[in-house]
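First up is the structure itself, then whatever we jot down about it.
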Amino acid sequence: MTVIQNKPDNPIAHLSAEDIETIGRELDAIRERVVASRGERDAAYIRRVISTQRKLEIGSRVVLLFSLFPPAWIVGTAGLTVAKILENMEVGHNVLHGQWDWMRDPKIHSTTWEWDHVSPAEQWKHSHNELHHTYTNVLGKDNDLGYGIMRVDEDQRWHPFHLGQPLWNFINACFFEYGIAAYDLELGRNLRKGRHKKPEFRARARAVGRKIRRQVLKDYIVHPLLSGPSFLHTLAATFTANLLRNLWSHSVIMCGHFPEGVETFSRRSIEGETRGEWYLRQMLGSANISGSRLMHIMTGNLSFQIEHHLFPDLPSNRYQEIAPEVRALFDRYGLKYTTGSLPRQVFSAWKKVVRLSLPNRKAPRRVDDRPAPALAASGV
Amino acid sequence: MTTTVPNPSGKAALRGRILRLAASVTTPLLPDDYLDMVAPLRSGADLRGRILAVRPETADAATLVIRPGRDWRGHTPGQYVRLGVDVDGVRQWRAYSVTSAPARRGAPISVTVKAIPDGVVSNHLVRRTRPGTLVQLDQAQGDFVLPGRPPARVLFVTAGSGVTPVMGMLRAGAPGDADVVVVHSAPTPADVIFGAELRDLAARGAIRLVERHTDTDGLLTVADLDRLVPDHLDRETWACGPLGLLDALEAHWTAAGHGDRLHTERFRPTVISPGEGGTVTFARSGVTVDADGATPLLDAGENAGVLMPSGCRMGICFGCVLPLRQGAVRDLRNGELTTAVPGDGVRIQTCVSAAAGPCDIDH
Ligand code: FES
């Protein structure tokens with residue numbers, strides 16, 4: 001079972017309310033230190049990543065103009081894939097989190113950035129930064145838990161629809177950016193409730209439509225056309241790059257909250273949540289991926305999902321630096337720092353998706369009947 | 001389009017079509033984002049400049065020679081230019097007088113900067129900036145300039161780095177063959193920025209130079225002027241220096257009924273002295289409220305009926321970010337101050353920022 005309150009061994013039963021607030025203060029201190037030391041080195045880092053990404057993208061697209069030749073196809077596709085991954089993960093995701101707003105460079109700012117993605121930055125910031133990061137892993141509030149199409153926790157009610165979820169998950173992985181756009185629009189819910197006629201929804205849907213048109217025009221029409229005789233090859237190359245980028249980001253993101261060992265929370269548990277309790281929820285609700293420096297950059301440092309969830313607005317290049325300290329804090333307070341290699345975490349997440357496509361072996365309790373763990377633990 | 005005019009609108013249309021095509025390959029970026037990587041000074045780009053040289057002037061002042069971008073429209077002597085400089089990774093904007101004489105298009109310009117104690121930007125520019133660095137620029141502005149037809153008798157009163165706009169005028173050869181007196185005050189002879197050049201002008205008879213050294217002569221006062229330049233009230237006067245000096249001069253000229261003959265340049269038009277709370281203006285909504293130092297601006301706005309953008313309300317989502325046009329705010333999480341003067345374009349998270357003095361929010 002993954003809902004802490006259902007566990008016979010509640011992972012935070014040993015913490016007093018005071019402990020939890022102390023943890024909060026220690027984390028605040030780490031944040032303060034990083035904020036105070038942000039500077040030239042960090043600014044140079046993000047500028048370097050952005051310029052590398054742009055050169056790689058332009059270079060790859062030029063090579064793909066000759067994609068008729070197999071070596072050019074391979075080199076160009078590989079380059080474009082890496083460029084798209086960097087763009088979405090280390091640059092887009094992090095800039096849109098406001099991680100680089102402190103530089104006051106209007107060109108690298110959360111309010112002006114647009115990314116290579118079919119979900120417009122503005123909508124994504126709302127569903128991701130606001131809903132997901134505020135209500136991390138709260139059942140019924142954080143739609144990232146299964147993206148509204150999957151059951152990823154024993155405490156979510158089973159429905160025959162879930163039998164197909166390994167397949168839904170795979171399709172979602174292939175067309176992840178479209179999945180995210182639909183998710184940001186809350187497409188399913190809005191259609192079901194007949195809200196699709198509301199002007200507000202229509203405006204947002206139109207914005208997504210415009211973004212999709214521009215992305216498709218670039219990747220599947222203009223760039224292939226410019227390639228002349230290489231038209232079809234370039235088309236296939238961009239399709240492949242988008243597919244690989246989607247599979248990669250889907251895997252990384254699944255590893256953030258789905259692997260075994262990650263906790264979920266009931267709606268009631270966050271009522272009147274203190275700062276310490278909020279931190280604690282982020283700590284228990286996220287999982288890391290271990291790996292090399294290159295791997296961390298390619299995941300947009302979301303391999304430090306725990307650190308990212310504690311401090312979503314700190315520059316991504318600093319997560320690796322503070323990770324040992326954060327981990328030591330987990331150890332000191334007897335908390336589980338969930339981490340593992342990419343294959344292991346991906347496997348673990350998929351296993352859960354498959355397992356939960358079937359009903360629970362024992363009947364689940366209703367989500368809101370459960371005692372609120374953080375509050376119970378803090379003696380409130 | 002049915003127009004048959006071939007040029008230049010034909011060319012422009014073609015250019016427009018090429019740009020649109022280019023934009024459809026670079027989306028979501030613009031072709032400019034890529035061009036900036038190779039030709040940041042090209043015409044059509046945001047205005048920037050490249051520092052060509054940093055020349056020390058005195059122990060704490062240096063001249064920056066800057067090649068401005070192609071769209072630089074030039075300046076009139078006495079005007080200033082706003083420079084956007086990245087210091088410790090943070091873009092900061094400051095205004096400096098252009099000290100070079102106007103020259104042909106594309107020629108470098110120069111500004112002269114004096115490092116003031118604790119001055120984040122000035123110290124960075126004087127001591128740490130290296131040739132090759134890109135800076136952001138605004139077009140030259142300011143009305144501290146000589147009229148088209150210079151008056152016959154001119155007085156310049158300057159102190160410290162206040163000499164910089166005046167040097168721009170003198171180097172331009174202005175004001176012609178007028179009778180020019182320069183009263184300049186600095187701590188010691190060695191602290192006089194452009195000392196050698198000014199003395200040389202005096203030796204050649206172009207100006208009458210009155211040097212005052214405050215370490216030995218004390219601060220320059222209005223009473224001193226009676227003695228140093230007895231006819232000062234009859235001269236068209238341009239003054240630039242510390243606020244105290246300018247205030248005293250203004251009072252003196254006004255009292256004598258010649259206020260219109262005095263032109264002053266004040267480099268810190270709004271002095272921000274951060275405190276607790278203040279008057280918050282939501283410029284576009286046309287709402288002004290008093291907020292204390294503990295109330296987030298988001299709440300202050302909402303309480304006054306302003307429709308504010310918001311999200312998590314705890315500083316994590318950046319859904320509440322708005323431009324601070326001017327004023328000072330304090331981050332409620334760590335007490336850090338952020339100040340802005342017009343043009344800085346500082347954006348703040350309203351849910352975790354409170355007023356630390358009067359502030360003007362662009363919303
Ligand atoms: S409302 Fe989320 S950061 Fe201000």
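Proteins come first, then strands; the chains are lettered A, B, ... in the order of their sequence lines, and each starts at number 1.
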Quick one, R91(B) and P106(A) - any side-chain contact, counting heavy atoms below 4.5 Å? yes
Return the SG to CG distance between C317(B) and D313(A), rounded to the nearest 0.5 Å. 10.5 Å
Considering only heavy atoms and a distance below 4.5 Å, find which of V222(A), L217(A), D105(A) pairs most often with chain B. D105(A)
Need one label for E32(A): side chain, backbone, both or neither, based on atoms under 4.5 Å from any heavy atom in chain B. side chain
Return the CG to OG distance between L225(A) and S24(B), rounded to the nearest 0.5 Å. 10.0 Å
Tell me, side chain or backbone of I46(A) under 4.5 Å from chain B's heavy atoms, or both, or neither? neither
D46(B) bridged to K107(A) by N-O distance under 4.0 Å: yes
Name the option with the most non-hydrogen atom pairs under 4.5 Å to chain B; the candidates are A36(A), G39(A), A43(A). G39(A)
Among the listed options R38(A), H128(A), H97(A), the residue most often paired with chain B at heavy-atom distances under 4.5 Å: H97(A)
Nearest 0.5 Å, please: how far is CZ in F318(B) from OG1 in T111(A)? 10.5 Å
Looking at Y183(A), I want to see if its OH is surrounded by more than 12 non-hydrogen atoms of other residues, nucleotides or ligands under 6.0 Å. yes
Should the heavy atoms of other residues, nucleotides or ligands under 6.0 Å from CZ of R127(B) be counted, would the total exceed 12? yes
Show the numbers, then the answer: is there a salt bridge (charged side-chain N to carboxylate O under 4.0 Å, His left out) between E40(A) and R128(B)? CA-CA 13 Å; E40(A) 218 164 288; R128(B) 290 179 42 212; 3.0 Å; yes
At their closest point, which heavy atom of S310(B) faces which heavy atom of E130(A), and how far apart are they? O-OE1, 3.9 Å
Check the surroundings of atom CD in E122(A): do more than 12 heavy atoms from other residues, nucleotides or ligands lie under 6.0 Å from it? no
Looking at chain B, which one of Q215(A), E57(A), R31(A), R61(A) has the largest number of heavy-atom pairs inside 4.5 Å, strictly under? R31(A)
What distance separates N334(B) CG from D28(A) CG, expressed to the nearest 0.5 Å? 9.5 Å
Nearest heavy-atom neighbours spanning M37(B) and S51(A): CE-O, 3.8 Å
Region of D101(A) that comes under 4.5 Å of a non-hydrogen atom in chain B: side chain
Heavy-atom cut-off 4.5 Å, strictly under: side chain, backbone, both or neither for W115(A) against chain B? backbone
Please determine whether side-chain contact (heavy atoms from CB on, under 4.5 Å) holds for the pair N129(A) and I316(B), giving the CA-CA distance in whole Å, both sets of side-chain angles, and the decisive distance to 0.1 Å. CA-CA 7 Å; N129(A) 290 8; I316(B) 58 170; over 6 Å; no
Which bit of Q136(B) comes within less than 4.5 Å of chain A, counting heavy atoms only: side chain, backbone, both or neither? neither
Using 0.5 Å steps for rounding, measure from the CZ atom of R104(A) to the CG atom of D86(B). 11.0 Å
Determine, step by step, whether M103(A) and V90(B) satisfy the side-chain contact (heavy atoms from CB on, under 4.5 Å) criterion, reporting the C-alpha distance in whole Å, the side-chain angles of both residues, the deciding distance to 0.1 Å, and the verdict. CA-CA 4 Å; M103(A) 287 163 51; V90(B) 182; 5.9 Å; no
So R54(A) and Y34(B), do their side chains get closer than 4.5 Å, heavy atoms only? yes
Part of D33(B) within contact of chain A (heavy atom distance under 4.5 Å): both
Under 4.5 Å to a heavy atom of chain B? For W278(A) that would be side chain
May I ask you to check whether over 12 heavy atoms, not counting those of R42(B), lie within 6.0 Å of atom CZ? yes
In Å and rounded to the nearest 0.5 Å, what is the NE2 to CE distance from H133(A) to M314(B)? 11.5 Å
If you count heavy atoms of other groups shown closer than 6.0 angstrom to CG of L14(B), is the number above 12? yes
Using modelled atom types and a 3.5 Å cut-off, is there a donor and acceptor pairing between side-chain atoms of K218(A) and backbone atoms of V25(B)? no
I need the residue from R41(A), H223(A), H109(A) with the largest number of non-hydrogen atom pairs under 4.5 Å to chain B. H109(A)
Counting heavy-atom pairs under 4.5 Å with chain A, which one of V87(B), V321(B), L29(B) comes out on top? L29(B)
